[in-house]
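When a residue number appears, it is its place in the shown sequence, counting from 1. Since the structure is predicted, the reported quantities are computational estimates derived from the model, not experimental observations.
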Amino acid sequence: MNSIPMSGPDLTSAERAAVMEVMETSQLSIGPKISAFENSFADYLGVGHAVGVNSGTSGLHLTMIAAGVRENALVITSPFSFIASANCILYERGIPIFVDVDPTTGNINPVLVAQAAHDLARGDDSAAYWLPPTVRNQKSVIINPESLVSSLRSLLPIHAFGQPADLDPLLETARAHNLSLVEDACEALGAEYKGRKAGTFGDASVFAFYPNKQMTTGEGGMVVTNRSDWNALFRSLRNQGRDIFDAWLNHTRLGYNYRLDELSAALGLAQMQRLDELLAKRERVAGWYNERLRDEELIEIPFIAPTTTRMSWFVYVVRIKPPASRDMVVHTLAAEGIPSRPYFTPIHLQPFYRDRFGYQRGDFPVTEYLGDVSLALPFSGIMTETQVDRVCERLRTIVNEAV
Ligand SMILES: Cc1ncc(COP(=O)(O)O)c(C=O)c1O
């Protein structure tokens, strides 16, 4: 039997023609397509500025620089995410302060964020609780309240699986402690929180366009902001530190080559023109899954919070409940040509984070529970109902036979 792909881009002759059109010119980078793509993206979201970059990860890195992250700066974020949302803090030698997530959505728990920000800003003994184990022992970081007050820089919530984090209380915490807020919206293009698009709430937000995303540019990302100072900084940082009036070999600051090329931008622009259709197709596939799995006792379908007025389906993630075993399901499905993935593996349990920060199992119980039971099923906008049928039929049988 044919195997079912885990994900796949939704491309038409319009995208192919758009890329070919750039191929006919000699301008493969820094040309009209990136500007057109950025304008179209900013218009879609209703934000002041959109800056194209060559990945979501590089976009996140730039936001951490703009947020003033430097050695030992603290950023509150979620351990239930793709690793780039924590790594971007480390690129600037900052320290991620993980707080656990809401068990229903898997998004960062705003009550814990408020508590962490409060304790860290006070800088007394209560602050130590939130620091990673290896940092807790570095007294120089925690005993000087003054340094801690100035070390807490930013909140970095993730809109996991395409569902917005609970932004209102997070914004309140950011305001109360004078922190910036950066949305990792890499999985959430088109999602809405209380009727407003995710990615329009923070000082900056980052989107990603890897081929499994709602829309793709191959590799690519977009940083959006309403702040003109951050917009200018992002444009300089992605372009080797050149300021807008700098000559080609003048570099005002330490920068990077994080530019998005014209071929990718042309592909992105063509996908933007189909974005409503792309999102609707994914919603339809998610609906097929929901219909077939909602009454299963050992399979929990995704929970959509009342604040999520529009879910943007990036992945379709179910929970496999005991006594069925998620890992057994992964292996059995794979043997039948049906891929599936544990999603996410908690960041604090990744080898590098255990080594550097001393994390262990037990540190973030909700995240770990979700990491143990969550299973991403094959998902894309081009999946057929027959494919969804086959995945669900096999999944149901495997889960129920295991009991
Ligand atoms: C939550 C989250 N953040 C960041 C990224 C990084 O994006 P990219 O792969 O474009 O670097 C991803 C990509 O999968 C993601 O899901």
Side-chain angles (χ1 to χ4, degrees), residues 1-8 78-83 100-107 158 160-163 187 210-214 282-305 311-351 361-362 364-403:
M1 200 171 255
N2 289 340
S3 69
I4 295 175
M6 188 63 206
S7 65
S78 164
F80 191 60
S81 175
F82 182 68
I83 197 155
D100 215 340
V101 295
D102 180 311
T104 60
T105 60
N107 279 326
I158 293 94
F161 308 159
Q163 168 147 244
E187 303 195 346
Y210 186 72
N212 64 351
K213 294 289 192 296
Q214 288 88 335
R282 296 175 86 94
E283 192 172 357
R284 189 171 63 148
V285 176
W288 292 333
Y289 269 124
N290 281 339
E291 272 165 30
R292 286 159 179 77
L293 299 176
R294 68 161 53 99
D295 295 328
E296 288 299 312
E297 222 170 286
L298 299 177
I299 302 169
E300 207 176 310
I301 64 170
F303 172 80
I304 309 299
M311 176 76 182
S312 175
W313 291 94
F314 164 53
V315 276
Y316 190 86
V317 178
V318 294
R319 298 176 188 178
I320 305 297
K321 296 202 281 192
S325 143
R326 190 271 317 271
D327 292 342
M328 181 277 296
V329 172
V330 172
H331 290 124
T332 315
L333 281 175
E336 301 185 17
I338 300 176
S340 62
R341 307 255 189 280
Y343 196 74
F344 302 106
T345 302
I347 298 179
H348 67 287
L349 297 180
Q350 299 284 354
R361 202 164 243 283
F364 300 101
V366 181
T367 293
E368 289 161 24
Y369 166 73
L370 296 181
D372 288 343
V373 300
S374 296
L375 182 68
L377 299 174
F379 186 73
S380 72
I382 54 172
M383 232 179 137
T384 63
E385 193 165 8
T386 313
Q387 288 176 318
V388 173
D389 255 337
R390 186 171 148 223
V391 174
C392 292
E393 193 273 313
R394 293 312 303 140
L395 178 64
R396 271 196 301 253
T397 308
I398 293 164
V399 165
N400 291 321
E401 272 172 2
V403 180

**Study point:** Flag side-chain contact, heavy atom, 4.5 Å: K321 against V373
**Key:** no
Exercise for review: Look only at the side chain of R396 and the backbone of R292, and say whether a donor-acceptor pair between them is shorter than 3.5 Å.
Suggested key: yes
Point to revise | From CD1 (I299) to CD1 (I320), nearest 0.5 Å | key: 5.0 Å
Exercise for review: Could you tell me which non-hydrogen atom of R282 sits nearest to which non-hydrogen atom of K213, and how far apart they are?
Suggested key: NH1-O, 3.4 Å
**Study point:** Which atom of P302 lies closest to which atom of N290, heavy atoms considered
**Key:** CD-OD1, 4.0 Å
Exercise for review: Give a yes or no answer on whether the side chain of R319 reaches the backbone of L370 with a donor-acceptor pair at less than 3.5 Å.
Suggested key: no
Point to revise | Sole candidate of V388, L293, V285 that passes side chain to side chain contact (heavy atoms under 4.5 Å, CB included) when paired with Y316 | key: L293
Practice item. With rounding to the nearest 0.5 Å, note down the distance linking CE in M311 to OG1 in T105. Key: 10.0 Å
Practice item. With rounding to the nearest 0.5 Å, note down the distance linking CD in Q387 to OG in S380. Key: 7.5 Å
Practice item. Before giving the answer on salt bridge (Lys or Arg N to Asp or Glu O under 4.0 Å), spell out for R390 and E336 the whole-Å C-alpha distance, their side-chain angles and the decisive distance to 0.1 Å. Key: CA-CA 11 Å; R390 186 171 148 223; E336 301 185 17; over 6 Å; no
Review point. So, E393 versus T397: side-chain donor-acceptor pair below 3.5 Å or not?
Key: yes
Check your understanding: What closest approach, in Å, do Q163 and A305 show between heavy atoms, and which atom pair accounts for it?
Key -> OE1-N, 2.9 Å
Revision key, fill the gap. Heavy-atom nearest pair, L395 first then L375, reads CD1-CD2, 4.4 Å
Practice item. Hey, could you give me the CZ/OG distance between R341 and S374, rounded to the nearest 0.5 Å? Key: 15.0 Å
Check your understanding: Which pair of heavy atoms, one from A324 and one from V399, lies closest together, and at what distance?
Key -> CB-CG1, 3.9 Å
Check your understanding: From C392 SG over to E385 CD, what is the distance, rounded to the nearest 0.5 angstrom?
Key -> 10.0 Å
Review point. CD of E368 to CG of L349: how many Å apart, nearest 0.5 Å?
Key: 5.0 Å
Exercise for review: Run the ring-centre check on F161 versus F344 and record whether the distance is less than 6.0 Å.
Suggested key: yes
Review point. Is I398 close to M328 at the side-chain level, that is, under 4.5 Å between some pair of heavy atoms?
Key: yes
Exercise for review: Identify the two heavy atoms, one from P79 and one from F364, that lie closest to each other, and give their separation to 0.1 Å.
Suggested key: CG-CG, 4.1 Å
Practice item. Please tell me if the side chains of N107 and F80 come closer than 4.5 Å, counting only heavy atoms from C-beta onward. Key: no
Check your understanding: Under 30°, 30 to 60°, or over 60°: which ring-plane class applies to W313 and F379, parallel, tilted or perpendicular?
Key -> tilted
Point to revise | Verdict with reasoning, T104 to D102, per side chain to side chain donor-acceptor pair (under 3.5 Å) | key: CA-CA 6 Å; T104 60; D102 180 311; 2.5 Å; yes
Review point. For Y369, does the OH atom have more than 12 heavy-atom neighbours from other residues, nucleotides or ligands under 6.0 Å away?
Key: yes
**Study point:** Identified side chain to side chain contact (heavy atoms under 4.5 Å, CB included) counterpart of I338 within the set L377, V391, V330
**Key:** V391
Check your understanding: Within a strict 4.5 Å, meaning less than it, do heavy atoms of the P339 and P378 side chains meet?
Key -> yes
